[in-house]
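The first residue in the sequence is number 1, and the count goes up from there. Indexing begins at 1, ligand by ligand and atom by atom, following the structure's order.
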Amino acid sequence: MSNFIQEFNSPATETPSIHRCVRVCQNRTCKKQGAKEVLAAFAALPVAEVTVTASSCLGQCGNGPIVLVLPDMVWYSGVQPHEVPLVIEKHLLGGHRVQKMLYYRFHPQG
Ligand code: FES
């Protein structure tokens with residue numbers, strides 16, 4: 001791999017790669033809001049060092065579909081399937097949270 005490609009694919013920060021877990025709530029309320037499709041969208045675009053799992057209720061019913069990225073403790077609310085590629089590109093690959101999708105309750109400043 002050339003240096004250019006290596007740099008292009010590296011996160012902006014110099015942190016060592018970490019294994020992330022994306023938890024997508026599949027409980028009743030989030031499911032009614034489209035969580036099944038959100039989980040499918042993550043599953044369709046696998047990322048190295050990232051595990052995607054269906055989660056039981058994350059305690060934020062009504063604000064779903066809720067997605068929690070660990071160990072970052074970043075919460076996304078009202079996630080739509082078409083927004084999943086953005087989370088993957090910016091957060092999971094780029095290391096930067098997607099400000100406009102952050103859950104206001106846990107990220108009040110965005
Ligand atoms: S049903 Fe998803 S947070 Fe409770």
Problem - Side-chain (Q26) to main-chain (S56) donor-acceptor, under 3.5 angstrom - result: no
Tell me which donor-acceptor pairs under 3.5 Å the side chains of residues 57-66 have, and how far apart each pair is, sequence neighbours excluded?
unit_1 : atom_1 : unit_2 : atom_2 : d
Q60    : OE1    : Y103   : OH     : 2.8
Q60    : OE1    : R105   : NH1    : 3.0
N63    : ND2    : Y103   : OH     : 3.0

Completion exercise
Residues pairing under side-chain hydrogen bond (donor to acceptor under 3.5 Å, both in side chains) where one sits in residues 68-82, two or more places apart or in two chains, turn out to be R20-D72, D72-H91, Y76-H91
Handout entry: Linked, directly or transitively: L86 and V84 (ILVMFWY side chains, under 4.5 Å)
Key = yes
Completion exercise
Protein N/O/S atoms closer than 2.8 Å to atom 4 (Fe) of ligand 1, ordered by chain and number, come to C57 SG, C61 SG
Fill in the blank from the handout: Residues passing the side chain to side chain donor-acceptor pair (under 3.5 Å) test with T51, sequence neighbours excluded, are H19
Fill in the blank from the handout: In this structure, NZ of K90 is separated from NZ of K100 (nearest 0.5 Å) by 8.5 Å
